[in-house]
Amino acid sequence: MTVLRMSAVVILIAVACGLVLGAGTPGAPAGTAAPKAAAAKPKAAAAKKPDDPVHAGLLLFNDPSLSGAGTVSCATCHPRGGHTNNKTYVGLNVVPDGTPDGRSVPLLWGVKDTGPYSWAGGKTLKENIKGIITKRMQGKEPSEAQLDRLIDYLDSLEFPNNPNLNADGTPSDAAPAAAKRGYQVFLKASCNACHVPPIFAKADNEDIGSGGPFNVPSLRGLSTTAPYFHDGRFATLRALVPAKLKYLEGLGSTEKFSDEEVEDLLVFLGTL
């Protein structure tokens, strides 16, 4: 009996030492500490309520059953929480960029502040969502509750924090020198007349000789949203900028832009 009791004491001491050295982490080598992030996960998960309208909207945004064939969701064209898949469509068919009837997929970040909605403009966000589901996705008309939840989710898609911009849209102290010069070129070219800071959009349609009046999109996140224009006719910003400057000449502008100014403008646009 004495031997058994002594063995039990030895085992208990060994287990206690192992827990102390392992910092309470199952399977952790002796002397290692538990990762700090591990303790934060349950807390973050607990903070998400099952009836959270934004979370419910996210689930609908990723739900292919909203489409007629049950094969596509809003996230098919707007992956990564509301980005663009950088494609041009007629209906649900991907078409070559620049196809006259094609429509490029816009970014949804900051969408609540960038009406009117759709490339044709003139719609409320609710009307646009309903039209996308029933016409493009060929699904049945969503309920008011579904539309409200989708809007709750879209309203949560704020523009990412941008250290290159001040709150008013001007370049911050952290912005590259070329971007600061490029902002002055942006003003010189009167780009701000349609792309009004800090959203760099306009609540109206404009006809810039591209085939009719179209919604003026926000320039925030511009460098990640190619192809450009409603039909995706420009593959790069470098191709787009000269076309826009030529359009200004057609309006009677006498401003001239050096190659250096164009390069600075491209740097500024790339920081948005």
Side-chain angles (χ1 to χ4, degrees), residues 72 74 76-80 82-111 114-123 128 131-132 135-137 159 182 185-197 199-253 255-259 261-272:
V72 296
C74 303
T76 300
C77 295
H78 298 284
R80 291 170 284 163
H83 205 276
T84 168
N85 64 357
N86 304 97
K87 295 178 181 178
T88 302
Y89 287 83
V90 171
L92 289 176
N93 298 316
V94 177
V95 297
D97 296 336
T99 299
D101 293 335
R103 295 294 178 264
S104 62
V105 178
L107 192 71
L108 294 184
W109 293 343
V111 65
T114 59
Y117 302 98
S118 84
W119 279 109
K123 295 181 179 181
N128 189 53
I132 290 292
K135 296 177 182 178
R136 186 178 296 272
M137 296 168 60
F159 288 115
V185 180
F186 185 81
L187 299 179
K188 176 182 175 180
S190 299
C191 301
N192 60 314
C194 291
H195 298 285
V196 184
I199 303 301
F200 293 92
K202 183 180 180 180
D204 203 353
N205 289 2
E206 288 289 339
D207 187 346
I208 58 172
S210 61
F214 291 99
N215 181 20
V216 179
S218 170
L219 300 185
R220 297 289 297 271
L222 184 67
S223 63
T224 67
T225 62
Y228 302 104
F229 272 33
H230 65 280
D231 55 7
R233 67 182 63 181
F234 294 111
T236 65
L237 286 174
R238 189 171 293 279
L240 179 152
V241 166
K244 291 296 289 285
L245 295 180
K246 188 172 182 62
Y247 166 72
L248 292 176
E249 289 180 11
L251 294 179
S253 173
E255 294 284 3
K256 300 299 179 182
F257 299 90
S258 67
D259 292 343
E261 285 179 310
V262 171
E263 290 301 317
D264 287 342
L265 177 59
L266 287 170
V267 173
F268 171 67
L269 294 176
T271 65
L272 296 178

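We number each residue from 1, following the sequence as shown. Excluded from the calculations below are hydrogen atoms, water molecules and symmetry mates; all remaining heavy atoms, backbone and side chain alike, are included.
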A.B. asks: To the nearest 0.5 Å, how far apart are CG in Asn93 and CZ in Arg136?
C.D. replies: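 Reported value, rounded in 0.5 Å steps: 10.0 Å.
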
A.B. asks: Centroid separation under 6.0 Å, is that true for the rings of Phe186 and Phe200?
C.D. replies: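 For Phe200 and Phe186, the ring centres are under 6.0 Å apart.
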
A.B. asks: For the residue pair Ser218 and Phe159, what are the closest heavy atoms and their distance?
C.D. replies: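 Result for this residue pair: OG-CZ, 3.7 Å.
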
A.B. asks: Between Asn215 and Lys202, which heavy-atom pair has the shortest distance, and what is it?
C.D. replies: OD1-O, 4.2 Å

A.B. asks: Could you tell me whether the side chain of His83 reaches within less than 4.5 Å of the side chain of Leu107, counting heavy atoms only?
C.D. replies: yes

A.B. asks: With rounding to the nearest 0.5 angstrom, report the CZ to OG1 distance, Arg80 to Thr224.
C.D. replies: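 Rounded to the nearest 0.5 Å, the CZ-OG1 separation comes out at 7.0 Å.
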
A.B. asks: Kindly compute the distance separating CE (Met137) from CG (Leu92), expressed to the nearest 0.5 Å.
C.D. replies: 7.5 Å

A.B. asks: Taking the side chain as every heavy atom from C-beta outward, state whether Pro217 and Thr114 have any pair of such atoms under 4.5 Å apart.
C.D. replies: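 Not in contact.
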
A.B. asks: Check whether any side-chain heavy atom of Phe268 sits under 4.5 Å from a side-chain heavy atom of Asp264, and report yes or no.
C.D. replies: no

A.B. asks: Calculate, to the nearest 0.5 Å, the distance between atoms CG and CG belonging to Leu219 and Leu237 respectively.
C.D. replies: 9.0 Å

A.B. asks: Side chain of Asp231, backbone of Gly102: donor and acceptor closer than 3.5 Å?
C.D. replies: no

A.B. asks: Tell me whether His78 contacts the main-chain N or O of Pro106 through its side chain, where contact means a donor paired with an acceptor under 3.5 Å.
C.D. replies: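 A pair under 3.5 Å: yes.
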
A.B. asks: For residues Asn192 and Pro197, report the shortest heavy-atom separation together with the two atoms involved.
C.D. replies: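 Answer, listing the atom of Asn192 first, then Pro197: CB-CD, 4.1 Å.
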
A.B. asks: Rounded to the nearest 0.5 Å, what separation is found between the CG atom of Asn205 and the SG atom of Cys194?
C.D. replies: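 Reported to 0.5 Å precision, the distance equals 10.5 Å.
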
A.B. asks: Do you know which two heavy atoms are closest between Ser118 and Asn128, and how far apart they sit?
C.D. replies: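 Here Ser118 and Asn128 meet closest at CB-OD1, 3.1 Å.
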
A.B. asks: Could you walk me through whether Glu263 and Arg238 pass the side-chain contact (heavy atoms from CB on, under 4.5 Å) check?
C.D. replies: CA-CA 9 Å; Glu263 290 301 317; Arg238 189 171 293 279; 2.6 Å; yes

A.B. asks: Ignoring hydrogens, what is the shortest heavy-atom contact between Leu266 and Val241? Give both atom names and the distance.
C.D. replies: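 Reported closest heavy-atom pair: CD2-CG2, 3.7 Å.
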
A.B. asks: Could you check whether any side-chain heavy atom of Leu245 comes within less than 4.5 Å of a side-chain heavy atom of Val262, counting everything from C-beta outward?
C.D. replies: yes

A.B. asks: Give, for atom CH2 of Trp109 and atom OG1 of Thr84, the distance between the pair rounded to the nearest 0.5 Å.
C.D. replies: 10.5 Å

A.B. asks: So do the side chains of Ser210 and Arg233 get within less than 4.5 Å of each other, counting heavy atoms only?
C.D. replies: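 The answer is yes, as the side chains (C-beta and beyond) meet within the 4.5 Å cut-off.
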
A.B. asks: Show the nearest heavy-atom pair for residues Ala226 and Ala235, with the distance to one decimal.
C.D. replies: CB-O, 3.5 Å

A.B. asks: Just say parallel, tilted or perpendicular for the rings of Phe234 and Phe229, cut-offs at 30° and 60°.
C.D. replies: perpendicular

A.B. asks: With heavy-atom distances below 4.5 Å as the criterion, would you say the side chains of Tyr117 and Val111 are in contact?
C.D. replies: yes

A.B. asks: Within the side chain of Tyr228, is there an N or O that forms a donor-acceptor pair under 3.5 Å with the backbone of Leu222?
C.D. replies: yes

A.B. asks: If only atom types and distance count, is the side chain of Lys188 paired as donor or acceptor with the main-chain N or O of Lys256 below 3.5 Å?
C.D. replies: yes

